[in-house]
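In what follows, chains carry the letters A, B, and so on, assigned in the order in which the sequence lines appear, proteins first and then strands, with residues in each chain numbered from 1.
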Amino acid sequence: MSDMTAEQKVKFYQKGTFTVGNRLVDQARRSVQGSMERSNAITSGHRACQGCGEALGARYALDAAMRATEGQLIAVNATGCLEVFTTPYPETSWQVPWIHSLFGNAAAVASGVAAAMRVKGREQVRVVAQGGDGGTTDIGFGCLSGMFERNDDVLYICYDNEAYMNTGVQRSSATPPTARTATTPAVGPEPGNVFGTGKNLPLIAMAHNIPYVATASVSDLHDLERKVEKAMAIRGARYIHIFVPCPLGWGSASHDTIRIARLASECGLFPLFEAEHGEITGSLPIRRKVPVEEYLRPQKRFAHLFKDGGDGVARIARLQRMADANIARFGLQREAEETPL
Amino acid sequence: MLEQIEGSQAVAKAIAFCRPEVICAYPITPQTHIVEGCAKLIREGAIQNCEFINVESEFAALSVAIGSSAAGARTYTATASQGLLFMAEAVYNAAGLGLPIVMTIGNRAIGAPINIWNDHRDSMALRDAGWIQLHAETNQAAADLHIQAFKLAERLSAPVMVCMDGFVLTHAYERVEIPDQAQVDAFLPPYQPRQVLDPSDPYSIGAMVGPEAFMEVRYLAHDKLLQALGVIPEIQQEFKEIFGRESGGLFHSYRVEDAETVVVTLGSVAGTVKDTVDELREDGARVGVITLCSYRPFPLDGLRYALQGAAKVIVLEKSLALGFGGVLASDVRMALQDTGTHVHTVIAGLGGRPITRKSLLRLFGRVERGEIKDPHFLDLDLDIVRREIDNQRGQITAGPIAENILREIGPRAAKVV
Amino acid sequence: MSQQHPDVPFAITLDVGSSLANLTGSWRTERPVYLDRLPPCNSACPAGENIQAWLAHAEDGDYEAAWHEVMRNNPLPAIMGRACYHPCEGACNRSALDDAINIHAVERFLGDQAIEKGWVPAVEAAPSGKKVLVIGAGPSGLSAAYHLRRLGHAVTIREAGPVPGGMMRFGIPAYRLPREIVQAEIDRILAMGVALELNHKVEDIQAEMKDGGFGACFLAIGAHLAKRVNIPTPDAGKILDAIGVLHEMETSENPPLLGRRVVVYGGGNTAIDVARTAKRLGAEEAIIVYRRTREMMPAHDFEVEEALAEGVILNWLTTIKEIDDSGSFVVEKMALNDEGWPEPTGEFDTIEADSLVLALGQNVDTGFIAKVPGVEIAKDGVIQVGPDMMTGFEGLFAGGDMVPSERTVTVAVGHGKKAARHIDDWLRGERYEHPPRHELAGVDKLNTWYYADAPKTVQPELDVVRRQTSFDEVHRGLDETNALYEARRCLSCGNCFECDNCYGVCPDNAVIKLGPGKRFEFNYDYCKGCGICAAECPCGAIEMVPENI
């Protein structure tokens, strides 16, 4: 009897462990999003499409940052969907001090804000810069790298929906191979985006030896909030890359946003990991592994892979190898040590 | 205190007295000595409570400045030429957001062909971005204008460029009256931002504005610069009361009261022009010169009034609107429209070509004799350009004409420098 | 114009939160709606327990509240936690993840806690002034008496035998259901003011109702006449019936003499019970002979497994033809025909054994009931009742093994509750209407991602040697920690458990959290109808409904 008890330690959060809230969990460990007092950094009335992953990811991240800083937060935003759908005159959805300057300079503007806070002796006020994948991995990359290199006290969050959605779904350097975009149409001998060498910004960020780098997904709120809170507890340049599906750009159902994000991680294509000072310190094991097809199939941008006649099977296999390489590289297939809540 | 000092160092000291809180810069010739000076003053403790941020590009430099200014910090940066163009998007943005950033432009030509020497095509390229553009005639003016610039920027909540000629001013050692801290403190109050990023009073800065309000936003920005036409002389007066010097203002007139021919110009060339005017005056010629300090906003009414007695106006400018002609000259013509005053466009000193008294004397003579066509290119080697144009005739290609000319004039160019 | 700060730039700078003026609800083509669906466990429970509700209390560690919730439907949790074949667990959606919730073990834990701590049910209703007679002190009768008492009626139970409990004593061996547990739960019902008269065999129902002033009567005498089959034998004394054996175990000082080799004929739970009892009484071999296959045995698989573990031998596809003069059992092998039914093969064999116990089912003793006018005896010799459990005689209700239904303790308890509600209405001149049932919350309605992996807690078992030699209880209970763990494995199928998912996953903040216990509301002013809330609701408590556009 005593053996059994020892073996099956009661987890006081069994029911709905991975849900947003959990009345059985200790107050201190509850999610920000489950709280009635969450800041709603982005409030209702914004013009994001139905089921927008970015609207969700941004609220998750900023609400967590707001809790971590006790409301002492300033947000900087690159041009992009998030900026456009939150602040068309005469209405803004933001409830935190917020500035939008340009497409490619969010990291630098944030550096400036952080410098101002430092010089004014208001270092309790923290700065979060945010941009989409285009504003981060492409046009904003120079400023971002500069911010990293100077180790400015900024948390930069990239909301990655894998293309330029605001301008009508064009390819970015974060667009995955084979994905159809308006500039990588699904026609010709190699439909969709090409198999390039990839541009893994989290790894590039790590190469700057900054104190903290993490990937997160709207599909795992607890992990995301934990990473944001951890990032806010650190001074210096920090980077979090959040996976945010785009129903419009990906051709997925609006209700599938979180499911697709979940599948991206569970197939290995979007690994969830974190690193400190250039070294990987942890990854989130895959809980229910799925083949990449399961992730690809609900998205119209990959529909050409499943058409008869092409070499979709071989190309899916190539994507599967990418996923498998991630699984091996980040050690994603192992027993979870502890429920990550 | 009067010092024999390099222009850049004088500016750096002036900046230091303004108690800047954030300085960010990316090095570009000929701005480098200014920001090096600032960095040193910060390291030495002469500037306290200030962050110096070494950024990775001019685009980042002004972007950091946008952030720090929006967060309530008095912010300074400096650039030139290609750097100004590289930050062009942010130049417009800082103005659009109404951020009182002060930026020095060490005026320099724009490539290709790459050229590090002085002309005004860099700041002219961004003349309509919504910044106030002040031009320094001397290093004393450069130092003084920076002190005034912060007051002006912060009073109007608009960014100010202080333009000073690259090398001619930035690297020149002159005697400059360096103010003391108490004077500057008496003149320049602490920065009270009109809007600031602050968790205790949040709002969203930088909204997207559609057709329903964009015209109004632009009109208000225009109106703000027009207001500067009144504020600039006020600040000039306030400056004089504390520092005892005439500095700043919209423009400076030199011997124009009875002048029949008046030269209108910008920047350091005014000194040479004044010397030429003095020489001509000794010969009895009724000539004068107006040096614009405020290029944007452009003092249309003031100029019109100042030039009412002139029969001829020579606009001497270190800029060129390719395929059109003079830039400054067009603005002066706008000021003089319907007056019948004849305006001559003289393009001079591009890419650092010296503007000599000798050339100017010859110019005045030719203008007097009605020999020049508009626009006139001062000291242009017509042999070279004619030959190149002839070479190209009939075989129009997109080839590098400029390089061909350079090959032709190679030995002479070396002599000029 | 939403600008309030007069000094900030026009249009470029905006006051926070002003987008609330933009009602994005107009984009919607579908709207999410909260609903409650019927959890499969509740749906499957013959006693009509709200299992999910009491698991929820247990999850919070409020075992007393959990027990009271059980007691709303079932007065015998400690017994049912042991004796019920828990169809709830068969229906449990959790089996699609890992294993079904060990519901019966939690119920048993609650029942045992109640006995240990002396928890008592409340009688809330005011005395009705009505009297009800219950005939038979088995699970159905006790259940009816309990519910009637809680409804304010005066109840008298008349029981023919010397002890209450019925099949809980005579049908279920002590190693599955310890007698002190049975007694404790019966005592608790009696303590509520239910009168029990033992050794009172009712012969004339109408007379007893009239003489006692009973406004209604619930008849629950069970089925305890063993079915026989004709097996030629030189020694009839060798053939016993299962119910008789189990009854003797309870009532006699001396255990029944079954011999060293015992054959049990039948494939139901009772057959298993007798075979296992025989082992405990010292039989070297207990052989179950069954004419069909192992898979076709009506006995529950886990009981068969336990029996095999204790050394019981199973001989399927076999019938017993006769016991020959030498005392050998002549058996015939059977084979399944094309339709899957057993047919004789003509192959014979013999088994040596000391006794044969027939476990072929029981009939109802309908003799005294048939006399009541209007009462109808259905085929199979059971009493016909209406949907309200009433027989053809006004005021006479019946339930348990004696009416057409599955014969389990749980069904009996359910009958008792159902009859009590109808009796209550009948006495008050009303008609009980069962509220409409919700749509079933099948596993397809769930998003199981959100539930952590949590395999079932296996109850510890007595070691096999002691199981073969004693009547100690085979299954032990859960302790508090693992009962809690087990309760927390519940998925709350079909009913909001306030996990905050909808509140958290809405990209438009269009879900209003009302606070603990108050659930949520949609803010249709802003809900764009994306459907993420419904897709990510773990328990299937939201559905998308098309808007009328």
*Asks:* What heavy-atom pair brings P507(C) and A55(A) nearest, and what distance separates the two atoms?
*Replies:*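 What the structure gives for the nearest pair is O-CB, 4.0 Å.
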
*Asks:* For atom NZ of K300(A), is the number of surrounding heavy atoms from other residues, nucleotides or ligands below 6.0 Å larger than 12?
*Replies:*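 No, NZ of K300(A) has 12 or fewer neighbouring heavy atoms, counting only those of other groups under 6.0 Å.
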
*Asks:* Under a 3.5 Å distance rule, please check whether R59(A) uses its side chain to pair with a backbone N or O of G504(C) as donor and acceptor.
*Replies:*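 Present.
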
*Asks:* Who among A58(A), C49(A), S93(A) has the most heavy-atom pairs with chain C under 4.5 Å?
*Replies:*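 Looking at each of A58(A), C49(A), S93(A) in turn, S93(A) comes out on top.
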
*Asks:* Counting heavy-atom pairs closer than 4.5 Å to chain C, which one of S35(A), S219(A), G53(A) comes out on top?
*Replies:*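 Sorted descending by pairs with chain C, the first entry is S35(A).
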
*Asks:* What's the shortest heavy-atom distance between N501(C) and V20(A), and which atoms?
*Replies:*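 Between these two residues, the closest heavy atoms are OD1-N, 2.6 Å.
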
*Asks:* Which atoms of T24(C) come close to chain A, meaning under 4.5 Å heavy atom to heavy atom: side chain ones, backbone ones, both, or neither?
*Replies:*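 For T24(C), side-chain heavy atoms alone lie under 4.5 Å from chain A.
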
*Asks:* So what's closer than 4.5 Å to chain C heavy atoms on E54(A): side chain, backbone, both or neither?
*Replies:*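 Neither part, no heavy atoms under 4.5 Å.
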
*Asks:* Looking only at non-hydrogen atoms, find the nearest pair between Y451(C) and F18(A) and report the distance.
*Replies:*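 That would be C-CD1, 4.2 Å.
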
*Asks:* I need the I12(C) CD1 to T87(A) OG1 distance, nearest 0.5 Å.
*Replies:*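 The distance works out to 12.0 Å.
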
*Asks:* Tell me, side chain or backbone of I258(A) under 4.5 Å from chain C's heavy atoms, or both, or neither?
*Replies:*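 Both parts, backbone and side chain.
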
*Asks:* For chain A, which candidate among C502(C), C506(C), P516(C) shows the most heavy-atom pairs at distances under 4.5 Å?
*Replies:*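 Winner by heavy-atom pair count: C506(C).
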
*Asks:* Looking only at heavy atoms, what is the nearest atom pair of G51(A) and I532(C), with distance?
*Replies:*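 Closest heavy-atom pair between G51(A) and I532(C): CA-CD1, 3.7 Å.
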
*Asks:* Counting N and O atoms only, with roles assigned by atom type, does the side chain of Y526(C) sit under 3.5 Å from a partner on the main chain of H46(A), one being a donor and the other an acceptor?
*Replies:*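 Checked: no pair found.
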
*Asks:* Quick check for you: among G531(C), G17(C), A21(C), A535(C), which has the greatest number of heavy-atom pairs under 4.5 Å with chain A?
*Replies:*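 Looking at each option in turn, the highest pair count goes to G17(C).
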
*Asks:* Could you walk me through whether E91(A) and L14(C) satisfy the side-chain contact (heavy atoms from CB on, under 4.5 Å) test, starting with their C-alpha distance in whole Å, then the side-chain angles of each, then the deciding distance to 0.1 Å, before giving a yes or no?
*Replies:* CA-CA 7 Å; E91(A) 292 149 10; L14(C) 302 172; 5.7 Å; no

*Asks:* In terms of heavy-atom proximity below 4.5 Å to chain A, should I512(C) be classed as side chain, backbone, both, or neither?
*Replies:*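 Neither part.
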
*Asks:* Does some side-chain heavy atom of R259(A) sit less than 4.5 Å from a side-chain heavy atom of W449(C)?
*Replies:*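 The answer is no; the side chains never approach within 4.5 Å.
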
*Asks:* Minimum heavy-atom separation for V16(C) and Q95(A), please, with both atom names.
*Replies:*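 Answer, listing the atom of V16(C) first, then Q95(A): CB-CA, 3.8 Å.
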
*Asks:* Whether the side chain of S44(A) engages the backbone of L20(C) through a donor-acceptor N/O pair (distance < 3.5 Å, no angle test) should be reported.
*Replies:*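 A pair under 3.5 Å: no.
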
*Asks:* First locate atom SG of C52(A), then atom NZ of K528(C), and finally report the distance between them rounded to the nearest 0.5 Å.
*Replies:*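 Separation between the atoms: 7.5 Å.
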
*Asks:* Let's go through R262(A) and E536(C) carefully: what are the C-alpha distance in whole Å and the side-chain angles of both, what is the deciding distance for side-chain contact (heavy atoms from CB on, under 4.5 Å) to 0.1 Å, and is it a yes or a no?
*Replies:* CA-CA 11 Å; R262(A) 189 155 56 227; E536(C) 300 304 319; 2.9 Å; yes

*Asks:* Rounded to the nearest 0.5 Å, what separation is found between the OG1 atom of T43(A) and the CG atom of N22(C)?
*Replies:*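 Those atoms lie 11.5 Å apart.
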
*Asks:* Using non-hydrogen atoms and a 4.5 Å limit, figure out which bit of V96(A) sits close to chain C: side chain, backbone, both or neither.
*Replies:*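 For V96(A), the backbone is the part near chain C, not the side chain.
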
*Asks:* Could you report the tightest heavy-atom contact between R38(A) and Y503(C), atom names first, then the distance?
*Replies:*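 Looking at all heavy atoms of both residues, the closest pair is NH1-O, 3.0 Å.
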
*Asks:* Nearest 0.5 angstrom please: D500(C) CG to R30(A) CZ, how far?
*Replies:*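 Answer rounded to 0.5 Å: 8.5 Å.
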
*Asks:* Any side-chain to backbone donor/acceptor pair from S18(C) onto T92(A)? Under 3.5 Å, distance only.
*Replies:*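 Confirmed, S18(C) side chain pairs with T92(A) backbone.
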
*Asks:* Side chain, backbone, both or neither: which part of N447(C) has a heavy atom under 4.5 Å from chain A?
*Replies:*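 The side chain, not the backbone.
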
*Asks:* May I ask you to decide if I42(A)'s main-chain N or O and N509(C)'s side chain share a donor-acceptor pair within less than 3.5 Å?
*Replies:*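 Yes: the side chain of N509(C) pairs with the backbone of I42(A).
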
